[in-house]
Engineer: 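Right, I'll just put the structure down here and ask away after.
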Number of protein chains: 2
Amino acid sequence: MSTLVTLDAGDGLRERKKQQTRRAIHEAAYRLVDEHGLEGTTIDQICREAEVSSRTFFNYFPSKMAAALGIPEEPVDDEAAARFRAATGSLVDALCDMIVGGGQFAARQARLKGLVTRHPELIRTLSGMMTATRGRFIELATERASSAAEAELAVTLVLAAVSLTVHNGGDGQVPTAELLMSTIDSLERVRSAPLVDGRG
Amino acid sequence: MSTLVTLDAGDGLRERKKQQTRRAIHEAAYRLVDEHGLEGTTIDQICREAEVSSRTFFNYFPSKMAAALGIPEEPVDDEAAARFRAATGSLVDALCDMIVGGGQFAARQARLKGLVTRHPELIRTLSGMMTATRGRFIELATERASSAAEAELAVTLVLAAVSLTVHNGGDGQVPTAELLMSTIDSLERVRSAPLVDGRG
DNA sequence: TATAACATTGCATTGGCTGCAATAAACTAT
DNA sequence: ATAGTTTATTGCAGCCAATGCAATGTTATA
């Protein structure tokens with residue numbers, strides 16, 4: 001018991017070393033991928049830089065991309081989930097807040113944005129990863145939605161907005177819940193946009 | 001010159017054999033992936049089944065997933081692009097029509113839907129591939145939109161709806177443009193959905 | 001029939017990724 | 001402090017995906 005508490009709290013030399021290793025791998029991966037791109041970086045390079053064996057690499061991250069972004073085990077941390085459970089207002093607003101306002105995602109937004117603006121190839125991979133977390137978001141959303149279908153709709157809408165801000169994000173601004181909401185408003189407005197003539 | 005025309009027209013023994021090889025690889029990949037899942041199928045198995053060398057496989061498809069879905073070189077075929085350029089009405093409607101109404105996508109919808117319903121792991125990969133074609137869609141949309149930003153918004157909205165129908169699609173129905181449009185309508189309605197209390 | 005074009009293949013190689021078993025370090029309890 | 005347990009790290013052996021190159025055989029052209 002006391003062992004578990006100690007580990008969770010982050011005390012202990014062993015735990016500190018673990019965090020240190022994780023951090024070393026992430027920093028090396030971020031730096032190298034930012035400098036040479038994802039394809040231009042091998043896992044062996046990252047390991048050399050971080051001074052760990054390539055076997056150890058996979059004890060911490062499942063892929064290069066995850067290491068570069070420092071993506072954690074759980075896509076939604078407890079604090080963000082708690083805030084979502086206690087939120088008031090509209091479902092979509094609360095989801096926006098949970099995704100960019102707090103949680104692991106927010107802490108990594110700046111790096112994430114920097115990487116994808118400088119290396120657009122990453123977007124494809126990133127999109128696959130976001131899809132993987134989709135399920136977790138829907139799970140949470142279902143707790144506060146009037147139906148499972150509604151939860152799915154809301155999450156899809158918000159993730160679409162996220163992907164837009166990731167694509168557009170040249171301005172270096174870190175996405176906020178407000179930006180996300182206004183993107184969603186734009187998404188709705190475009191529904192009625194008419195066709196215009198081609199450059200004929 | 002005449003050589004090129006001949007090849008494009010699809011005449012000639014050489015061209016027929018090529019299509020045959022392509023088809024054999026696709027059929028084998030589809031069958032095996034449907035039976036054993038993506039991870040449970042190796043490219044060598046597919047090649048054995050299709051009676052080609054594994055080197056030949058990569059002359060036709062860049063990945064297992066692409067082979068299983070039979071994804072072609074160009075994500076949008078000429079006919080669908082032409083229809084889009086000639087469309088009238090709203091931008092979003094025209095995009096829906098282009099994506100599911102015709103083109104390579106439509107021809108593969110049934111198989112695609114079958115695969116992902118039976119093997120949800122595929123959704124992640126599929127999402128990455130859809131993102132890859134996103135650029136091409138935006139290119140086309142820009143020709144008929146009043147701004148590049150508007151094109152991006154419209155494509156994002158439609159792709160979100162596509163991913164929803166792919167996720168939900170248990171009913172075996174092939175998505176139509178109408179289904180896509182009604183999904184988009186649902187997306188808009190969910191914007192104002194209120195939060196409900198958790199199971200507390 | 002000669003020759004140009006090209007589809008197919010084998011081979012070698014690189015890189016991502018995993019399982020297993022050994023080692024060394026950190027923790028626990030006495 | 002010591003003995004015993006846990007566990008992070010590592011090396012190794014191996015599978016699979018993917019690419020480049022050069023050789024071979026088949027189809028097209030003239």
Side-chain angles (χ1 to χ4, degrees), chain A residues 1-25 28-29 32-33 36-68 71 73 121-122 124-125 128-129, chain B residues 1-25 28-29 32-33 36-68 71 73 121-122 124-125 128-129:
Chain A
M1 268 310 155
S2 66
T3 301
L4 282 178
V5 171
T6 303
L7 289 176
D8 285 343
D11 290 2
L13 177 54
R14 184 176 271 169
E15 185 62 16
R16 258 181 292 134
K17 277 195 171 177
K18 231 170 99 177
Q19 295 307 325
Q20 195 176 321
T21 302
R22 182 184 198 79
R23 186 179 174 77
I25 295 174
L32 287 171
V33 169
H36 305 115
L38 194 64
E39 301 303 301
T41 306
T42 70
I43 290 182
D44 281 345
Q45 286 178 304
I46 297 173
C47 294
R48 233 170 287 133
E49 182 100 358
E51 294 180 314
V52 295
S53 79
S54 80
R55 193 59 192 78
T56 297
F57 177 95
F58 290 105
N59 289 342
Y60 285 88
F61 298 101
S63 69
K64 245 189 294 185
M65 183 76 175
I71 287 182
E73 337 63 46
E121 339 90 59
L122 299 188
R124 181 179 178 159
T125 308
M129 298 181 104
Chain B
M1 269 309 152
S2 66
T3 301
L4 281 178
V5 171
T6 302
L7 288 177
D8 285 344
D11 289 1
L13 176 55
R14 185 176 272 168
E15 186 63 15
R16 258 180 292 134
K17 277 195 171 177
K18 233 171 98 177
Q19 294 308 326
Q20 194 177 322
T21 303
R22 183 183 197 80
R23 185 179 174 78
I25 294 174
L32 287 171
V33 169
H36 305 115
L38 194 64
E39 302 303 302
T41 307
T42 70
I43 290 181
D44 280 345
Q45 286 177 302
I46 297 173
C47 294
R48 231 170 291 131
E49 181 100 0
E51 294 180 312
V52 295
S53 79
S54 81
R55 192 60 192 78
T56 297
F57 178 95
F58 289 104
N59 289 343
Y60 283 89
F61 297 102
S63 69
K64 245 189 294 186
M65 183 76 174
I71 289 183
E73 337 65 47
E121 340 90 59
L122 299 188
R124 181 178 179 159
T125 308
M129 298 180 103

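Every chain is numbered from 1, with letters handed out A, B, ... down the list of sequences.
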Engineer: Can you identify which nucleotide, out of D/dG11, D/dC21, D/dT9, has its nearest atom closest to the B/R55 side chain?
Structural biologist: D/dC21
Engineer: Does OP1 or OP2 of C/dA7 have a side-chain N or O of B/K17 closer than 4.0 Å?
Structural biologist: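 Negative; the distance criterion is not met.
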Engineer: CD1 of A/I25 versus C1' of D/dT9: gap in Å, rounded?
Structural biologist: 11 Å
Engineer: Expressed in angstrom and rounded to an integer, what is the separation of B/N59 atom CG from D/dA22 atom C1'?
Structural biologist: 14 Å
Engineer: Nearest whole Å is fine: how far is C/dC17 C1' from A/I46 CD1?
Structural biologist: 13 Å
Engineer: Any donor-acceptor pair under 3.5 Å linking the side chain of A/Q45 with the backbone of A/T42?
Structural biologist: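 Yes: the side chain of A/Q45 pairs with the backbone of A/T42.
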Engineer: Heavy atom of residues 47-54 of chain A under 4.0 Å from DNA chain C: which residues?
Structural biologist: none
Engineer: Could I get the full list of side chain to side chain contact (heavy atoms under 4.5 Å, CB included) partners for A/Q20, not counting sequence neighbours?
Structural biologist: none
Engineer: Tell me the interatomic distance from A/E15, atom CD, to C/dT28, atom P, rounded to whole angstroms.
Structural biologist: 12 Å
Engineer: Can you find a side chain N or O atom of B/Y60 that sits less than 4.0 Å from OP1 or OP2 on C/dT8?
Structural biologist: yes
Engineer: Taking atom P of D/dG11 as reference, at what distance in whole Å does atom CZ of A/F57 sit?
Structural biologist: 16 Å
Engineer: Going by the rule salt bridge (Lys or Arg N to Asp or Glu O under 4.0 Å), which residues pair with B/R48 if we only count those two or more places apart in sequence or in a different chain?
Structural biologist: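 Once residues adjacent in sequence are excluded, B/R48 has no partner under the salt bridge (Lys or Arg N to Asp or Glu O under 4.0 Å) criterion.
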Engineer: Should the side chain of B/R14 and the base of D/dT27 be counted as holding a donor-acceptor pair, with the cut-off at 3.5 Å?
Structural biologist: yes
Engineer: Quick test: give all pairs of protein nitrogen or oxygen and nucleotides 14-17 of chain D nitrogen or oxygen below 3.5 Å, distance rounded to 0.1 Å.
Structural biologist:
from   : atom 1 : to    : atom 2 : distance (Å)
D/dA17 : OP1    : B/K64 : NZ     : 2.9
D/dA17 : OP2    : B/I43 : N      : 3.2

Engineer: Please report the distance, rounded to the nearest Å, between NZ in A/K18 and C1' in D/dT7.
Structural biologist: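 It is 9 Å, rounded to the nearest whole Å.
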Engineer: Could you pull out every donor-acceptor pair under 3.5 Å between side chains of residues 60-67 of chain B and any protein atom, sequence neighbours left out?
Structural biologist:
from  : atom 1 : to    : atom 2 : distance (Å)
B/S63 : OG     : B/A66 : N      : 3.2
B/K64 : NZ     : B/L38 : O      : 2.9
B/K64 : NZ     : B/T41 : O      : 2.9

Engineer: For A/E49, what residues pass the salt bridge (Lys or Arg N to Asp or Glu O under 4.0 Å) criterion, not counting sequence neighbours?
Structural biologist: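 Salt bridge (Lys or Arg N to Asp or Glu O under 4.0 Å) list for A/E49, sorted by chain: A/R31.
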Engineer: Can you list everything that forms a salt bridge (Lys or Arg N to Asp or Glu O under 4.0 Å) with A/E51? Sequence neighbours excluded, please.
Structural biologist: none
Engineer: Who passes side chain to side chain contact (heavy atoms under 4.5 Å, CB included) against A/E39, sequence neighbours left out?
Structural biologist: none
Engineer: Would you kindly give the CZ-to-C1' distance between A/R16 and C/dA25, to the nearest whole Å?
Structural biologist: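 Spelled out: CZ on A/R16 to C1' on C/dA25 is 14 Å.
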Engineer: When you measure from the side chain of B/T21 to the backbone N and O of B/K17, does any donor-acceptor pair fall under 3.5 Å?
Structural biologist: yes
Engineer: Going by the rule salt bridge (Lys or Arg N to Asp or Glu O under 4.0 Å), which residues pair with A/R55 if we only count those two or more places apart in sequence or in a different chain?
Structural biologist: none
